[in-house]
Amino acid sequence: MQRKRLALYSRFLMAYTCCLTCSRAPERVIYWFRTDLRLHDSPALKAALDLKPDVLYPIWCWDSHYVYRARVGNNRWQFLLDCMDDVSKSLTNLNGKSKLLVLREPAVTLLPKLLKAWKITHLVFEKDTDSYGRDRDSEIISNAKKAGVEVVTKYGRTLWDSDDLVKANGGKPTMSITQLQHAGEKVGAIPLPVATPVTLPDLGGLQLDFAQNQPDGTPDMNAKYRDGEEASYSAGIAGPNNDFAVPTLKELGLKPATTHIRGGENIILPRLEQILSDEDYTGTFEKPKTSPAAFEPQSTFLTSPYLHLGALSCRYFYHRVGEILEKRRKAKQPVSGPPVSLHGQLLFRDMYFAAQAALGWSFGQTYNNSAIRFIPWHLPSKVDVNTKLITGEYEIDDERKEKEFQRWASGKTGFPWIDAIMRQLRHEGWIHHLARHAVACFLTRGGCYISWERGAEVFEELLVDHEAACNIGNWQWLSCTAFYSQFYRCYSPVAFGKKWDDNGDFIRRYVPELKDLPKKYIYEPHKAPLQDQKRAGVSITGDGEETEMDGVAVYPKPMFDFNTQRDICLQGMKKAYQVKLHGNSPQVLDGTWKSIFEDTGAGPTEGEKGGPGGTLGFGKAEEEDADEGSATPKKTTQGTSQPTPRSTRGHKREHSQGTLDGVFTKKRAKD
DNA sequence: CGGAGAGTTGAAACC
DNA sequence: CGGTTTCAACTCTCC
């Protein structure tokens, strides 16, 4: 009783002393940073400061989902930590007593305890329309409200609020850039940037009178990037020095990053300024005219990773470019327009975000996705037919295809243009947009005929700019399953590269074993006579297993005849387009699609003999209450009982639309 | 100078 | 924001 009175009195005193001009209670605000790691043009951060808080806690919830269960290579980890460090320094610059407080516990379990411990009045964060983000945030919001904490969210992640776009598009996913533009017109003008804060309230007390929930570290999908123990949770909520510092790669047990791309608002803003100062380049930018083979420097802005983590505001970028366009129009200088211009690129991003916002979890998969064409790809995702969600595993319907997939992912296909791109991706975490086209087409409709979902997973792991909506959307585009349909426009692994880089400098840089090969053979080294191979110090042989033989570097032979494979793919695509099934067609949902595609005539599909095309648990397996160990239906044959190197057994794939935080498991898909 | 033949270019059709 | 083939139209060269 005594204590309570004291608390009341001190609360009164605080109110009195904190705010002499008004009689309101002290505002104790948490600003929860997520994919908005910046201070400039942040509507949500502005909303937090507009509350005129007495204390402001800028926090980051350290998420097990991101640490263990999303595919995040060490390059993206480095980039994320860079951005966090950068924001923390910016906060300290505004107020020497403030910084980004990293709390080593996922938001869902942490926030309810934290709101209480720090007597929080308001929780403020940027709205997220990723499916995972929605699930997580709705739980956070409902818990906060129950605890009497006011929740404030603002939207600043895309040009328009994705939910508004969906509404303006009749509740349907935006499947073309025209739809997106019309929806955008209905929603209204793209909000102008808000001011960057110049002051920042102090932190309040940092007492942590509650226990830490240490999340389950298994399965650890990023184990292959670790050379030490993952220890980011074991030091407690405030970290090893009890100072809420941003963790290091070392603490995560991760190997050092190989990329030279570093994160942070304070890196991208000056660089953006520099690029924008070239008004001819900015004003006439046309994406298709920029070279995928250019490196050091690349031919485009390289803003995507910064946009993803919010280190650069897309609206700020949009309006800055708009000013330049306006100026040029007045001066009657040439300007480029959507879809090829810079504005066009940002519109595509909004299109993918809004499509995802409309479709939810199903956007990230073929099964039960109403907006996607069904194509009987090899290596399809396994599906839990009860939840209608993919499990994170995939069906190996053909061992040769699995081998091709691994060779593609590791840059050992024997097609130097493809391999150079995949090696650049692995090393730098970034490749040019058209390079993504080339390797994505190659893996799916224009080469291997392997599911786009396999490719999307590899990109998710390796790209520093991985953004679920854009990655998924672009893979659907390139595989001609959604957004785009001209499947006969097929990229050649030889001709397309040559068009941009006849000398093969890009290949020489990323596939160094070929660097001394004559220009004549650089795109097709297997055609080089043995004498030329010898002179160049490389032997073109094998299937990628060997990297060296008798002291001589080895580069593999092409893993198939491209033209033959291209014809097979075209036939398969033509058939699939005639059949006209979609991800949510009854025949896809129940697995009877297999009777529609013949073993031979349907191109590459294995038909009845192959995997069920992503229907794990379909049919008999359920009735026969299949033993836990192998939940694979009997009708699937070869390879399916073996765990695949890239998949995790028995666990849902939770990552593909994940944001950076949370401990959620997927919920049942909406029907 | 005309015309044959080789070489080049670009649009169109097809995959 | 595809590649390849084809074919007409054109240029160039040579006698």
Side-chain angles (χ1 to χ4, degrees), chain A residues 175-181 281 284-294 298-304 336-352 355 373 375 413 415-418 421 425 430-449 452 455 459 465 470-502 504 506 522-524 527 558 560-578 601-604:
Chain A
M175 299 308 287
S176 74
I177 202 70
T178 344
Q179 279 179 16
L180 182 277
Q181 282 171 303
Y281 174 68
T284 62
F285 183 92
E286 293 183 33
K287 186 68 154 283
K289 290 186 181 168
T290 59
S291 170
Q298 74 289 339
S299 60
T300 51
F301 280 64
L302 221 165
T303 50
S304 48
S336 56
V340 294
S341 65
L342 284 169
H343 277 182
Q345 307 313 304
L346 290 169
L347 292 174
F348 276 121
R349 184 168 175 271
D350 264 49
M351 176 182 81
Y352 291 135
R373 282 184 191 79
I375 292 161
T413 63
F415 295 93
W417 169 246
I418 300 296
I421 295 168
L425 170 61
W430 182 89
I431 50 179
H432 185 276
H433 184 66
L434 292 183
R436 299 179 198 207
H437 282 212
V439 296
C441 178
F442 185 86
L443 182 72
T444 58
R445 66 181 165 86
C448 307
Y449 214 72
W452 63 268
F459 273 30
D465 63 20
C470 296
N471 188 46
I472 290 164
N474 274 127
W475 273 96
Q476 293 178 0
W477 180 297
L478 261 302
S479 60
C480 287
T481 48
F483 300 103
Y484 187 74
S485 56
Q486 288 170 291
F487 55 79
Y488 45 82
R489 289 193 181 172
C490 178
Y491 292 83
S492 158
V494 175
F496 188 65
K498 270 188 188 166
K499 194 166 78 181
W500 298 99
D501 176 18
D502 192 38
F506 178 72
I522 189 74
Y523 282 89
E524 294 174 287
K527 289 188 178 168
F560 46 57
D561 178 72
F562 178 74
N563 287 329
T564 310
Q565 206 52 39
R566 180 181 165 277
D567 290 343
I568 292 173
C569 286
L570 276 173
Q571 287 307 312
M573 293 299 288
K574 205 181 283 180
K575 172 78 179 172
Y577 266 62
Q578 282 165 0

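Residue numbers start from 1 in every chain, and the chains themselves are labelled A, B, ... in the order their sequence lines are given, proteins ahead of strands.
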Please determine, for the side chain of R489(A), which listed nucleotide (dC1(C), dC15(B), dG2(C)) has the closest atom? dG2(C)
Could you give the CD-to-C1' distance, from Q565(A) to dC15(B), as a whole number of Å? 16 Å
If you fit an axis to the five pairs at each end of the helix from dG2(B)-dC15(C) to dC15(B)-dG2(C), how big is the angle between those two axes, to 10 degrees? 0°
Partner residues of D350(A) under the side-chain hydrogen bond (donor to acceptor under 3.5 Å, both in side chains) criterion, sequence neighbours left out: none
Test salt bridge (Lys or Arg N to Asp or Glu O under 4.0 Å) applied to D567(A) - qualifying residues, sequence neighbours left out: none
Across all chains, not counting sequence neighbours, the side-chain hydrogen bond (donor to acceptor under 3.5 Å, both in side chains) partners of Q476(A) are none
What closest approach, in Å, do F562(A) and C490(A) show between heavy atoms, and which atom pair accounts for it? CZ-SG, 4.1 Å
Rounded interatomic separation in angstrom, taking CD from Q486(A) and C1' from dA13(B): 14 Å
Just to verify, what does Y577(A) make a side-chain hydrogen bond (donor to acceptor under 3.5 Å, both in side chains) with, not counting sequence neighbours? R373(A)
How close or far is atom C1' of dA12(B) from atom OH of Y488(A), stated in whole angstroms? 13 Å
Whole angstrom value for the distance that separates P of dC15(B) from CG of L570(A): 10 Å
So, R445(A) side chain and L478(A) main chain: donor-acceptor pair closer than 3.5 Å or not? yes
Rounded to whole Å, CD1 of I431(A) lies from P of dC1(C) at a distance of 19 Å
Can you tell me if Y577(A) touches the phosphate of dC15(B), counting only side-chain N or O atoms and a distance under 4.0 Å to OP1 or OP2? no
According to ring pair (Phe, Tyr, Trp, His ring centres under 6.0 Å), who are the partners of H432(A), at least two apart in sequence or on a separate chain? none
W430(A): side-chain hydrogen bond (donor to acceptor under 3.5 Å, both in side chains) partners, not counting sequence neighbours: none
Below 3.5 Å between N/O atoms, which protein atoms pair up with nucleotides 3-5 of chain C? Just atom names and distances, please.
unit_1: dG3(C); atom_1: OP1; unit_2: F496(A); atom_2: N; d: 2.9

Contacts of F301(A) that satisfy side-chain contact (heavy atoms from CB on, under 4.5 Å) - sequence neighbours left out: L272(A), I275(A), L276(A), Y281(A), T282(A), F285(A), T303(A), F317(A), L342(A)
Residues that V494(A) engages under side-chain contact (heavy atoms from CB on, under 4.5 Å), provided they are two or more places apart: S492(A), K498(A), Y523(A), E524(A)
Could you pull out all residues at least two apart from R349(A) that satisfy side-chain contact (heavy atoms from CB on, under 4.5 Å)? R157(A), T158(A), L307(A), C314(A), F353(A), E467(A), C470(A)
Give, ordered by number, those residues of residues 434-445 of chain A having at least one heavy-atom distance below 4.0 Å to an atom of DNA chain C; if nothing qualifies, reply none. L434(A), H437(A)
What is the separation between atom CZ on F285(A) and atom P on dC1(C), rounded to the nearest whole Å? 14 Å
